Structures are given as structure tokens and as C-alpha cells.
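So the structure is just underneath, and the comments pick up after that.
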Amino acid sequence: MRRLRSQSWFGGLGKDAFIHRSWMKNNGLPDDAFDGRPVIGICNTFSELTPCHIHFRGLIEHVKAGILEAGGIPVQFPVFSCGESNLRPTAMLFRNLASMDVEEAIRGNPIDGVVLMAGCDKTTPSLLMGAASCDLPAIVVSGGPMLNGQYRGRTIGSGTDVWKLSEDVRAGKMSPEEFAAAESAMSRSPGHCMTMGTASTMASMVEALGMSLAYNAAYPAVDAHRNRLARHTGRRIVTMVHEDLRPSAILTKDAFINAIRVAGAIGGSTNAVIHLIAIAGRVGVPLTLDDWDEFGRDVPTILDLMPSGRFLMEDFCYAGGLPAVMKEIAPLLRPNARTVSGCTMGEQIAGAENFNRDVIRPVSNPLTAQGGLAVLRGNLAPNGAIIKPSAATPSLMVHRGQAVVFETIEDFKARIDDPALPITETSIMVLKNCGPKGYPGMAEVGNMALPKKLLEKGVRDLVRISDARMSGTAFGTVILHVAPEAAIGGPLALVKDGDWIEVNVPERTLNLVVSDEELTRRRQEWRPPEPAMKGGYQSLYVERVLQADRGADLDFLVGCRGHDVPRESH
Ligand code: FES
């Protein structure tokens, strides 16, 4: 057995080892807890302000039991919990901050491996980013999705039905009282959003990357299967420490290619693009928007889940979960990618079964033939923009329309329902200054609500373009992540009302039909917006955040810094 990292704290008879052991005995740890057995950190994102994680105090007990059964010592520690539903101005502003917390907590403490407990949209990438930058053995156990929402005899999905029902209220088809009643019907149990939003997508990405045990993505939060999975995860991390199986051996280019393929097959959230690029950056794997287009382009969406389709995560679980999806698209995958379970991905999915071909459709009868996320480029987005074709209107995939421009999100909210707003069903809505630096934090506001006057006429989709993100639960012909963003003078900043814009998704183009001379003239007049806050973390973020096409990480956090800390604390 090799000498474990924790022994550089706890081993020996000197003054420093006395200090480290003596204070840890406050936890009730006996002498033999320090005899060289693996010390496993449990990185816990429990918070009552992150309701998606409200069951983590119970789930963690199963992780601990598994660690103890395998001969390890479990030690849980809290980290910044980025809850999507409450944090202002947007949880994304704090993903990188949380990743710093995770990285430094892992590196600075006497642990040999770590279990990452995540669930809500930003907790999964922030934990993976931090752990990847340390490269100690790490494994994820996700919190799992909520049970299906049920409202007046019909199934409703987190987020997706919030957007739909609120548009019904604005169109006069639903009363505000009925809308309020849907609140309690939507969130019926602990767990994260049960649509294929960002949380479910990122749990699927974790599994597709090989960073969790099989079936991690789909078991509902309240299903005993998830407790058992947590227990097996606790056992497995102890063995991983003995094997020295670290993220750098699992998070390879093949693993990211598998994840991109799976994102297309499940109709995953557009946010996965940014998060996977950021995670890859932490382990030094070159991953670009072009990889997303190349490896996602021909992947059919076969999972019929909201927002692209009809069903929800509970149905996905009963249909066979992610291994069943991966087996359906097995010819597209890199089977030799390693997983935390110790076997290859090909071996992991070999025995998977599909129990419901309405939910997990065969490749021969997909929901969308070309389900991957499309990357658009042109003079409006020289460094790229993305769209999710499976959630868009097919007839708008090739479209030419005149811009209706909103300079800020406040400008949009103030004018969208103005009866005098010159907007028709062929217009293209353009929103500026909502990117990484502009918002700041690149909020999920890109799926702008449609104007009331068009909703009342029955219009349900328009082309919308912004440097923002959108919720993974949202839908529509929404072009996002335009880079460079408007707040640093990207071409988006130069668009004016009435400009013609051409979108061609099959040809992957996005162009502003304005002459170069006119754009040069407008650029000379352009002035950057005032920062939303001076000082504090926001200033650091705005100064150092990378653009969307590079994962919106902070530039100084990119890369793996390892887990060595040679200098003692006393
Ligand atoms: Fe937490 Fe949707 S708000 S997963």
C-alpha cells in the first residue's frame, strides 16, 4: 500500500502531527483513524437557500456509510452552494467563485479523495472544476431530480411549464390564481429540476464523462436507488484512492466527445457547452465550440423529455436511464474511455436495457434527426454563438428579419409590452449587455418573453439573439452566447433597430446585413457600459472572466494546479 497524502498531516510523532490529530479527535475519531487509511472528503453543497439540495443531509449519511464499510474515514465539509432559483444577479456569476472554494478546500485539507455532492445547475460544474484543478481521486453523486410535477391531472415540468403557463397568463388564457396554484404542483419533492434542464443535463454529463457510477443521472432524489448509489459511491472512492484513479485519467478528450454526443442524444441544455469547455480547461484538454459542432452535428435526439419533448426525468429513470440512451447511440461513442467505476464506458453500458421506446426512442425514429447544439458564426458572432435546434421552430431555422433591439434587460422589460413597439412575427429580437462581463455573469435571460400583442395573435416563437444564456428548461428559436459580447464592443453592440439579420442554422451562419463602412462608423460612436458594481468579487470577475466560447472561466483559474502543499501551517 502506498503512503497516502493524509499521512503527511497525521503520520508520525512530531508537534505538527499532534496538532492535526488532536483537534480532529474532537470529531470522535479514535487513534486508529490516523493509521494510514484513506481520508475521504465529502464536498457538501447543502443549503436551505438551494432547495434542490435540501435532502443532502440524509443522502450524505449513505455516502459516509459506504466510506466506512470500505475502510475509509469520511469527513464532510461545506462549500459555496450556488442555488439557481434564488441567487442574484445570476448563479452563474458565482460558479467560478464556488470552484475556487472547492479547489482550495480540497487542496488545503488532509484528504486523499473526495466525493462531490452536487445537483442544482451550477453546483455540478463548480465542484467538477475545482476538483479537476486539484486532481485528487474524485467521484460525483448527484442529488437526483424531483418527482414529476402534477397539476390538475396533467404532468408539468420544472421551468418549462413556468415559461408556458406565464405566457398563457399574458395571453389571457389562464388566470393569475390558477398560475399561483401551479407553484405547489410543480415542486413536489426534494431534488433538482426534473425536466432536461441544466441540472439534469449536467448530471447526465457527469455520467457520460465517466465521473459518476452508472444511473447517477436519472434516479429521482427520493428513490431508495439513489441512497444505494450514494453508498456504493462511498465504497468506490476508497478503492479509487488505493488505485490512485484521478480525474486526469478520466476527463480525457474521448470522455468529452462522449459527453458532447450524449448532450445531443438527450436534447441537453445549451449551458453544457460553457460548463464542459470550462471543465476541460481545468484538466488541460483542448475543447472548443468547433468540437461541439463536429461531434454533436449528426447526433439524433432520442430522449423525448421536456423542454424538447414530452416526458420528465422520472419517466427517464423508469425507461432505463442514461446507460440505455448511451447504448442506443453506442456506435457514436468512444468505448475505451475510463470511468470511476473501474471499467470502460463500453463495458459500463453493455448490459443496459431500454424499457420504454416512447421515452428513449430508437435512433431510427428520433425526436430530432440532428439534435446536437449548432454553432453559428458570421459577422454578428465572429467567435461563435449557439442554438439548440431540438427546442427551436423548424420554420425559423433559415430566417431573414429586421432587428428589434433592447440595449439592456431593463430596456427589454420596460418596452416589451408597449403596444407601440414596432414588432411583427418576422422580427428578430436582439438583447445586448447580458454576457459574462455585461450582466455580469451571463444571466439566463436570452429566452426573452414574447410581446403580449403577438401572444394574443397566437404567435409562440420569434428568433431571439443575445450574448446571454438561457435556462436549460426553456425553448424557442433562441440564439445565445454571442461572442464577443456587446459589453466589450462585439458586433452585437452595433446592431440598430431595423437592421436586417440573416440566420441560417443548416449552414451555421449568423450575419448582420450592414456594410463594413457603416459598422466602422458605429464602432467609433460606441461607448462601453458603466460597470454594475465597483469593487468586490464582481470587479475581479468582470476584469478576468473569459468570453462564452472559452467557458466563461476566470483566466487565472484555467489549468490544473495539483494537490501538493509542501509547507506546514505551524
Ligand atoms: Fe436547482 Fe433547477 S433550480 S436545478
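Atoms within each ligand, like the ligands themselves, are counted from 1 in listed order. Predicted model, so just to flag it, every value in this text is computed and none were measured.
Heavy-atom proximity to D121, at under 4.0 Å, picks out these atoms of ligand 1: 2 (Fe), 4 (S). Every atom of ligand 1 with a heavy atom of C120 under 4.0 Å away is listed here by number and element: 1 (Fe), 3 (S), 4 (S). Residue A199 approaches ligand 1 through these ligand atoms, each under 4.0 Å from one of its heavy atoms: 4 (S). Counting the atoms of ligand 1 from 1 in the order shown, those under 4.0 Å from a heavy atom of E84 are 3 (S).
C193 lies close to atom 2 (Fe) of ligand 1, since one of its N, O or S atoms is found at a distance under 2.8 Å. The nearest N, O or S atom of C52 is closer to atom 1 (Fe) of ligand 1 than 2.8 Å.
A cation-pi arrangement is not found for K388 relative to F475, the charged atom failing to lie both closer than 6.0 Å to the ring centre and inside a 45° cone about the ring normal.
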I'd like to know whether N216 forms a side-chain hydrogen bond (donor to acceptor under 3.5 Å, both in side chains) with S142, so could you lay out the CA-CA distance, the side-chain angles of the two residues, the decisive distance to 0.1 Å, and finally the verdict. CA-CA 6 Å; N216 172 68; S142 300; 2.8 Å; yes
Please step through side chain to side chain contact (heavy atoms under 4.5 Å, CB included) for the pair N356 and F316, ending with a clear verdict. CA-CA 9 Å; N356 188 332; F316 180 32; over 6 Å; no
Apply the test side-chain hydrogen bond (donor to acceptor under 3.5 Å, both in side chains) to residues Q348 and S341: give CA-CA distance (whole Å), side-chain angles for both, the deciding distance (0.1 Å), then the verdict. CA-CA 8 Å; Q348 181 155 297; S341 65; 2.8 Å; yes
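Aromatic ring orientation, F412 versus F406: perpendicular (interplanar angle above 60°, classes split at 30° and 60°).
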